[in-house]
J.: 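Can you keep this structure in mind? I'll have questions shortly.
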Amino acid sequence: MDSRKIVIVLTILWLIHRTEGQITCREVQLHRDCTTLCSNDTSRDDGTSCELRIAVLLPADPKYDISLPKVLPVLELAEYEARSRDLLPRWLRLNLLARDDSCDATYAQIGAIDSFSDCVHLFLGPACDYCVAVVGRMVKFLGTPLITTGGFTFDFTEKKTECKDEYFMTTRIGNVASRDIAKFFIAIMDRYEWRKVHLVYAASGQSQINGKHTCHLMMKSMVEFIKKEHNITFAAFDVETTTLSDYPEALKDHIGTSYGGE
């Protein structure tokens with residue numbers, strides 16, 4: 001058995017243990033009869049039937065980089081490939097339950113509650129930061145882990161190993177977070193000994209990546225790490241607060257000689 005198969009089997013065994021024991025951060029555990037991964041099935045030779053129910057919480061609108069129309073086919077291909085390599089046990093059925101969160105925190109919360117009612121064992125998504133925030137705070141009380149490629153803001157890169165941690169049971173698997181971009185930016189400033197920076201951005205820019213306020217959240221992370229550098233002076237300007245025709249004057253007011261020099 002190769003290392004990938006070992007990891008997958010161990011993950012499945014952990015899910016079986018978790019769903020039987022209902023590990024949550026609640027003092028009084030929620031009782032649900034439907035969370036068992038395997039049940040008796042007289043139609044099978046071994047008398048058991050195992051189904052892993054996975055809620056896929058993503059926007060249905062394909063304008064988003066991470067959306068149901070783009071992700072579901074990939075998940076189906078991944079399952080097909082895993083089974084063709086005998087990485088998934090034949091006795092385990094994967095049931096993907098798609099939920100449209102519209103990249104909106106309210107709909108994401110409703111989708112998570114509905115999915116919990118459908119006895120899911122795992123959440124894939126959300127991806128938009130506001131959605132990850134609301135569902136990520138819930139899952140540690142539901143006892144259902146969350147895996148996301150989103151969660152770019154620095155808050156989601158903090159420690160998540162204990163119940164007291166805000167996003168316990170939330171796991172990021174994305175390659176890059178806003179924290180990494182901020183550290184890269186600061187490293188460039190240190191390399192060239194730059195000590196002043198004015199962050200000019202459009203708060204709602206790049207919404208296809210992370211929903212509304214994508215660039216605002218990126219700048220929030222940037223500022224959080226710049227503040228830790230006591231030798232850097234910074235300011236910020238949201239270009240959406242002015243009109244295109246006023247850009248030249250706005251740049252004079254916000255940058256001028258204060259940030260235009262060395």
Side-chain angles (χ1 to χ4, degrees), residues 7-38 50-59 66 68 71 75 94-180 210-211 213 217 220-221 224:
V7 170
I8 292 172
V9 170
L10 287 176
T11 301
I12 293 169
L13 290 174
W14 177 81
L15 281 166
I16 293 173
H17 168 74
R18 187 201 64 76
T19 52
E20 294 292 342
Q22 277 298 291
I23 301 172
T24 75
C25 295
R26 294 172 61 98
E27 292 184 5
V28 179
Q29 301 300 311
L30 295 174
H31 176 71
R32 293 195 301 167
D33 294 328
C34 59
T35 54
T36 303
L37 189 65
C38 297
C50 300
E51 178 183 69
L52 182 62
R53 293 180 291 278
I54 304 171
V56 185
L57 284 172
L58 293 171
I66 307 175
L68 289 173
V71 171
L75 292 176
L94 300 186
N95 185 4
L96 300 176
L97 304 175
R99 301 283 187 186
D100 178 14
D101 67 10
S102 300
C103 199
D104 182 283
T106 301
Y107 288 103
Q109 187 174 36
I110 293 172
I113 293 171
D114 288 346
S115 299
F116 182 73
S117 299
D118 288 336
C119 300
V120 298
H121 303 107
L122 174 68
F123 287 106
L124 292 183
C128 299
D129 272 17
Y130 288 134
C131 299
V132 178
V134 67
V135 180
R137 294 186 183 103
M138 291 173 57
V139 294
K140 66 180 182 180
F141 300 109
L142 301 179
T144 306
L146 184 156
I147 299 176
T148 179
T149 55
F152 301 103
T153 310
F154 73 93
D155 307 68
F156 302 111
T157 59
E158 298 294 303
K159 183 174 72 72
K160 300 182 283 291
T161 57
E162 303 175 82
C163 277
K164 65 181 181 180
D165 299 328
E166 186 173 16
Y167 296 109
F168 178 63
M169 297 191 78
T170 296
T171 302
R172 287 189 67 255
I173 59 172
N175 293 326
V176 179
S178 299
R179 171 196 61 183
D180 306 308
N210 200 23
H213 305 154
L217 294 172
K220 176 184 174 184
S221 293
E224 188 70 21

J.: Take Leu217 and Phe152, measure what side chain to side chain contact (heavy atoms under 4.5 Å, CB included) needs, and give me the verdict at the end.
T.: CA-CA 8 Å; Leu217 294 172; Phe152 301 103; over 6 Å; no
J.: Taking Gly150's backbone N and O only, do any of them form a donor-acceptor pair with Asn210's side chain (distance below 3.5 Å, no angle check)?
T.: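 Not confirmed, Asn210 side chain does not pair with Gly150 backbone.
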J.: Could you please spell out the steps behind the side chain to side chain contact (heavy atoms under 4.5 Å, CB included) verdict for Ile113 and Met138?
T.: CA-CA 9 Å; Ile113 293 171; Met138 291 173 57; 3.8 Å; yes
J.: Can you tell me how far CD1 of Ile66 sits from OG1 of Thr149, rounded to the nearest 0.5 angstrom?
T.: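 Reported to 0.5 Å precision, the distance equals 3.5 Å.
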J.: Write down the atom of Ser115, the atom of Phe123, and the distance for their closest heavy-atom approach.
T.: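 That closest heavy-atom pairing would be CB-CE2, 3.7 Å.
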J.: Ignoring hydrogens and angles, tell me if any N or O in the side chain of Asp104 forms a donor-acceptor pair with the backbone of Thr106 under 3.5 Å.
T.: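 Present.
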J.: Just wondering, are more than 12 heavy atoms of other shown residues or ligands nearer than 6.0 Å to NZ in Lys160?
T.: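 Atom NZ in Lys160 is packed in, count exceeds 12.
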J.: Could I get the full list of ring pair (Phe, Tyr, Trp, His ring centres under 6.0 Å) partners for Phe154, not counting sequence neighbours?
T.: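 For Phe154, no residue satisfies ring pair (Phe, Tyr, Trp, His ring centres under 6.0 Å) once neighbours in sequence are set aside.
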J.: Quick one: closest heavy-atom pair of Ile54 and Val120, and the distance?
T.: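 For Ile54 and Val120, the tightest heavy-atom pair comes out as C-CG1, 4.5 Å.
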J.: For atom NZ of Lys164, decide whether the heavy atoms of other residues, nucleotides or ligands shown that lie under 6.0 angstrom number more than 12.
T.: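 Not buried by this count: 12 neighbours or fewer within 6.0 Å.
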J.: Please report the closest heavy-atom contact between Tyr107 and Asp101, naming both atoms and the distance.
T.: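 Closest heavy-atom pair between Tyr107 and Asp101: CB-O, 3.3 Å.
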J.: How far does OG1 of Thr170 sit from CG of Asp165, to the nearest 0.5 angstrom?
T.: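 Between Thr170 OG1 and Asp165 CG, I get 10.5 Å after rounding to 0.5 Å.
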J.: Indicate the atoms forming the closest heavy-atom contact of His121 with Leu52, along with that distance.
T.: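 Taking His121 first and Leu52 second, the nearest heavy atoms are CB-CD1, 3.6 Å.
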J.: Between CG of Leu146 and OH of Tyr167, what distance do you get to the nearest 0.5 Å?
T.: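 Leu146 atom CG to Tyr167 atom OH measures 11.0 Å (nearest 0.5 Å).
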J.: Quick one: CG on Leu57 to CG on Leu124, what's the gap to the nearest 0.5 Å?
T.: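 Output value for this atom pair is 9.0 Å.
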J.: Please check: side-chain N/O of Arg172 versus main-chain N/O of Val176, any donor-acceptor pairing under 3.5 Å?
T.: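 Yes, Arg172 side chain to Val176 backbone: donor-acceptor pair under 3.5 Å.
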J.: For the atom pair CG (Asp129) and CG (Asp155), what is the distance rounded to the nearest 0.5 Å?
T.: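 Result: 8.5 Å between the selected atoms.
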J.: Could you state the interatomic distance from OG (Ser221) to CZ (Arg179), rounded to the nearest 0.5 Å?
T.: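 Result: 10.0 Å between the selected atoms.
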J.: Quick one: closest heavy-atom pair of Ala105 and Val134, and the distance?
T.: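 What the structure gives for the nearest pair is O-CG1, 3.5 Å.
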J.: Okay, side chain of Lys140, backbone of Cys163: is any donor-acceptor separation there less than 3.5 Å?
T.: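 Confirmed, Lys140 side chain pairs with Cys163 backbone.
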J.: State whether the SG distance for the cysteine pair Cys128/Cys103 is less than 2.5 Å.
T.: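 Yes - the two cysteines, Cys128 and Cys103, have SG atoms within less than 2.5 Å of each other.
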J.: Is a side-chain donor or acceptor of Asp180 paired with a backbone partner of Ala177 at a separation under 3.5 angstrom?
T.: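 Confirmed, Asp180 side chain pairs with Ala177 backbone.
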J.: Determine yes or no for a side-chain-to-main-chain donor-acceptor pair under 3.5 angstrom, with Thr171 supplying the side chain and Ile147 the backbone.
T.: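 Not at all, since once roles are kept as given, no pair shorter than 3.5 Å links the two residues.
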J.: Which heavy atom in Asp114 sits nearest to a heavy atom in Arg99, and how many Å separate them?
T.: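 That closest heavy-atom pairing would be O-NH2, 3.6 Å.
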